[in-house]
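Here is the structure we will look at.
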Amino acid sequence: MEDLCAKFVSQKLSKVRWRPVPATALQPPELFATGSWDNEENKISIWSVGDAESVCPNGEYQGEPQLLCDIRHYGDVMDMQFLDQERIVAASSTGSVTIFRHHQNNQTLSVSQKWERVHCHVDSDTSTCGGASCTGIICKNPEIVTVGEDGRINLFRAEHKQAVRTIDNADSSTLHAVTLLRMTEILTVNSIGQLKIWDFRQQRNEPSQIFSLTGDRVPLHCVDRHPNQQHIVATGGQDGMLSIWDVRQGSMPVSLLNAHDAEMWEVHFHPSNPDHLFTCSEDGSLWHWDTSVEVSEKPSFLHQGGRSTFLSHSAVNQPNVNQSVVSAWLSNDPTKDRMEITNVIPNPTLSVNSVDVLGPCLVCGTDAEAIYVKRQLFA
């Protein structure tokens with residue numbers, strides 16, 4: 001774990017995101033953004049990964065992240081996404097959504113655009129609007145989709161002052177996260193264990209498909225779509241389980257994997273190497289799931305702080321998929337159990353709230369007021 005660098009930042013971090021690297025660029029990402037929560041004053045901050053000259057002759061990385069600039073953020077940062085190389089969209093616990101612009105010439109941040117209280121609870125007696133958190137955002141420049149505690153879905157376009165489309169009562173429960181399936185389709189997860197697909201080409205304000213965890217209606221907190229096979233979706237929730245779904249088939253997950261001991265806050269497929277998936281949790285762990293290797297021993301188990309945990313896998317409602325390439329994530333072969341799992345943070349402490357991966361690099365943010373950066377995921 002020598003290449004895992006910790007930086008203490010004196011604020012609880014709710015979100016971390018790498019700045020996108022141009023498609024033609026060969027170098028690893030250099031900048032990332034963080035958003036904080038539960039502090040006296042919350043901030044959006046831009047960081048450099050560190051001094052590239054701090055590499056020892058043996059190739060080991062020695063530098064630590066350097067703060068380039070920050071700006072106040074009103075409310076907790078609930079979600080955050082880069083819209084492009086310069087702009088960051090942040091979702092607030094106040095129900096507002098703000099676009100910040102990073103000025104790289106003088107390393108400052110400014111507010112580029114703000115939509116106030118676009119998520120709120122309306123009091124039917126007084127018609128007043130009480131704050132509701134904007135819990136999730138997804139961006140495809142210039143479009144921005146937001147979801148919230150109020151069950152509302154908003155579609156914005158950068159530079160437009162009003163929402164392009166709003167689905168007011170999209171869900172009777174809290175929407176926790178959203179991902180883009182295709183250009184016109186989004187997928188949301190909610191607090192009663194449901195996934196819903198919404199097609200913006202349709203005028204009716206109802207989901208085109210609904211999927212559900214059976215049984216206890218465990219709240220789902222996070223979702224990510226496979227970057228190459230858009231029908232494969234991963235979710236995580238309050239029970240710490242990792243669920244893999246095939247949205248073409250059935251209404252239940254293809255597989256359920258025992259993962260964390262507490263709430264899973266984020267799940268991310270690696271954008272260019274999706275055999276690798278990353279999850280982080282309230283229990284202080286950050287797991288790297290690797291389906292590209294066959295672990296020699298079976299059943300596979302992982303070591304976490306000296307504790308061995310058996311990984312169970314069950315195929316649920318597994319469809320017979322006839323296609324030339326079947327993702328390892330959808331396989332119902334018993335060797336599926338032979339995935340390699342590594343805990344990236346060797347000594348779990350407080351909650352790991354957010355993780356992001358790009359190229360060979362990983363960054364995560366924690367309630368222990370620390371950023372962790374790993375420069376060589378696949379070394």
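This one's a predicted model, so the numbers in the text were calculated from it and none came from an experiment.
Looking at T135, its side chain does come within 3.5 Å of a backbone N or O of V147 through a donor-acceptor pair. Looking at N190, its side chain never comes within 3.5 Å of a backbone N or O of S173 through a donor-acceptor pair. At distances below 3.5 Å, not a single donor-acceptor pair connects side-chain atoms of Q113 with backbone N or O atoms of V111. Of the possible donor and acceptor atoms, one in the side chain of D150 sits under 3.5 Å from a partner among the backbone N and O of C120. In this structure, S243 contributes its side chain and P253 its backbone to no donor-acceptor pair below 3.5 Å. Checked by atom type and distance alone, the side chain of S36 pairs as donor or acceptor with a backbone atom of K43 at under 3.5 Å. A donor-acceptor contact shorter than 3.5 Å links the side chain of S14 to the backbone of V77. For the pair S351 (side chain) and G284 (backbone), a donor-acceptor distance under 3.5 Å is absent. A distance-only check finds a donor-acceptor pair linking the side chain of N42 to the backbone of G75 [under 3.5 Å]. Here the side chain of T235 pairs no donor or acceptor atom with the backbone of C222 at under 3.5 angstrom.
The aromatic rings of F269 and W329 lie perpendicular to each other, with more than 60° between the two planes, well past the 30° mark. Using the six-membered ring where Trp is involved, H276 and H288 have ring planes that are tilted, between 30° and 60° apart. Aromatic ring pairs are classed by plane angle as parallel below 30°, tilted from 30° to 60° and perpendicular above 60°; the pair H270 and F278 is tilted.
M264 is not listed as a side-chain neighbour of H221, based on a closest heavy-atom distance of 4.5 Å or more. Inter-residue side-chain proximity for H103 and S110 is flagged as met; some heavy-atom pair is nearer than 4.5 Å. Put simply, the side chain of D224 does not reach to within 4.5 Å of the side chain of E266, judged on heavy atoms. With contacts defined as side-chain heavy-atom distances shorter than 4.5 Å, the pair V344/K374 qualifies. Under the 4.5 Å side-chain criterion, counting only non-hydrogen atoms from C-beta, V223 is not in contact with V178. Side-chain contact between N228 and P274 is present, with at least one heavy-atom pair separated by less than 4.5 Å. The side-chain heavy atoms of V247 and I197, taken from C-beta on, include a pair separated by under 4.5 Å. T366 places none of its side-chain heavy atoms less than 4.5 Å from the side chain of L13.
Between A234 and L242 the shortest heavy-atom distance is CB-CD1, 4.2 Å. Counting all heavy atoms, side chain and backbone alike, F82 lies closest to C139 at O-CB, 4.2 Å. Here the closest heavy-atom approach between residue V218 and residue L213 is recorded as O-CD1, 4.1 Å. Heavy atoms only, all atoms of each residue included: S281 and W265 are closest at C-CD1, 3.8 Å. Of all heavy-atom pairs spanning D246 and R248, the tightest one is OD2-NH2, 2.8 Å. For the residue pair C361 and R375, the shortest heavy atom distance occurs at SG-O, 3.8 Å.
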Taking only distance into account, with no hydrogens and no angle test, what donor-acceptor pairs under 3.5 Å do side-chain atoms of residues 95-102 form with protein atoms, sequence neighbours excluded?
unit_1	atom_1	unit_2	atom_2	d
S96	OG	T94	OG1	3.4
S96	OG	E116	OE1	3.3
S96	OG	R117	N	3.0
R101	NH1	E86	OE1	3.0
H102	NE2	Q107	OE1	2.7

Pair M78-C134, side chain to side chain contact (heavy atoms under 4.5 Å, CB included): steps then yes or no: CA-CA 7 Å; M78 302 297 292; C134 178; 5.8 Å; no
Derivation of the side chain to side chain donor-acceptor pair (under 3.5 Å) call for W115 and N154: CA-CA 11 Å; W115 294 282; N154 292 306; over 6 Å; no
Side chain to side chain contact (heavy atoms under 4.5 Å, CB included) between W37 and N353, worked out: CA-CA 10 Å; W37 82 289; N353 297 322; 3.5 Å; yes
Worked verdict on I186 versus F200 for side chain to side chain contact (heavy atoms under 4.5 Å, CB included): CA-CA 8 Å; I186 61 165; F200 285 129; 3.9 Å; yes
Verdict with reasoning, E149 to T174, per side chain to side chain donor-acceptor pair (under 3.5 Å): CA-CA 4 Å; E149 196 177 43; T174 296; 5.2 Å; no
Verdict with reasoning, H119 to T146, per side chain to side chain donor-acceptor pair (under 3.5 Å): CA-CA 9 Å; H119 291 277; T146 73; 2.8 Å; yes
Residue pair D199, S208: steps toward the side chain to side chain donor-acceptor pair (under 3.5 Å) verdict: CA-CA 7 Å; D199 189 340; S208 55; 5.6 Å; no
Intermediate values then yes/no, side chain to side chain contact (heavy atoms under 4.5 Å, CB included), D290 and T342: CA-CA 8 Å; D290 181 2; T342 311; over 6 Å; no
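With no hydrogens or angles considered, no side-chain donor-acceptor pair links H160 and Q162 at under 3.5 Å. Using modelled atom types and a 3.5 Å distance limit, the side chains of N205 and R165 yield a donor-acceptor pair.
Not counting sequence neighbours, the partners of E30 by the side-chain contact (heavy atoms from CB on, under 4.5 Å) test are Q27.
If you chain together hydrophobic residues whose side chains sit under 4.5 Å apart, L83 and I137 fall into the same group. Residue I232 is grouped with residue L257 when hydrophobic side chains (ILVMFWY) are merged at heavy-atom distances under 4.5 angstrom, including chains of intermediate members. Both Y372 and V352 sit in one connected hydrophobic cluster of ILVMFWY residues. Membership requires side-chain heavy atoms under 4.5 Å apart, directly or through other members. Following chains of ILVMFWY side-chain contacts shorter than 4.5 Å, one can reach W198 starting from L175, so the two form part of one hydrophobic cluster. Under a hydrophobic clustering in which Ile, Leu, Val, Met, Phe, Trp and Tyr are joined whenever their side-chain heavy atoms come within less than 4.5 Å, directly or via other members, V89 and W18 fall into different clusters.
Ion pairing of D356 with R17 is absent here, as no side-chain N (NZ or NE/NH1/NH2) approaches a carboxylate O to less than 4.0 Å. At a threshold of 4.0 Å, the pair E143-K140 does not count as salt-bridged, since none of the basic side-chain nitrogens sits closer than that to a carboxylate oxygen. Ion pairing between K12 and D367 fails under the 4.0 Å rule for side-chain N and carboxylate O.
Counted within 6.0 Å of CZ on R87, heavy atoms from surrounding residues, nucleotides or ligands total more than 12; the atom is thus considered enclosed.
One distance of note links OG1 of T188 with CD1 of I153; it measures 5.0 Å at 0.5 Å rounding. Note that CD of Q238 is 5.5 Å distant from CD of E263, once rounded to the nearest 0.5 Å. A distance of 9.5 Å separates NE2 of H226 from CG of L277, quoted to the nearest 0.5 Å. To the nearest 0.5 Å, atoms CG (L187) and CZ (R225) are separated by 10.5 Å.
The one candidate from T279, V363, L286 that meets the side chain to side chain contact (heavy atoms under 4.5 Å, CB included) condition with V355 is L286. A side chain to side chain donor-acceptor pair (under 3.5 Å) with D171 holds for exactly one of H176, K196, R152; it is K196.
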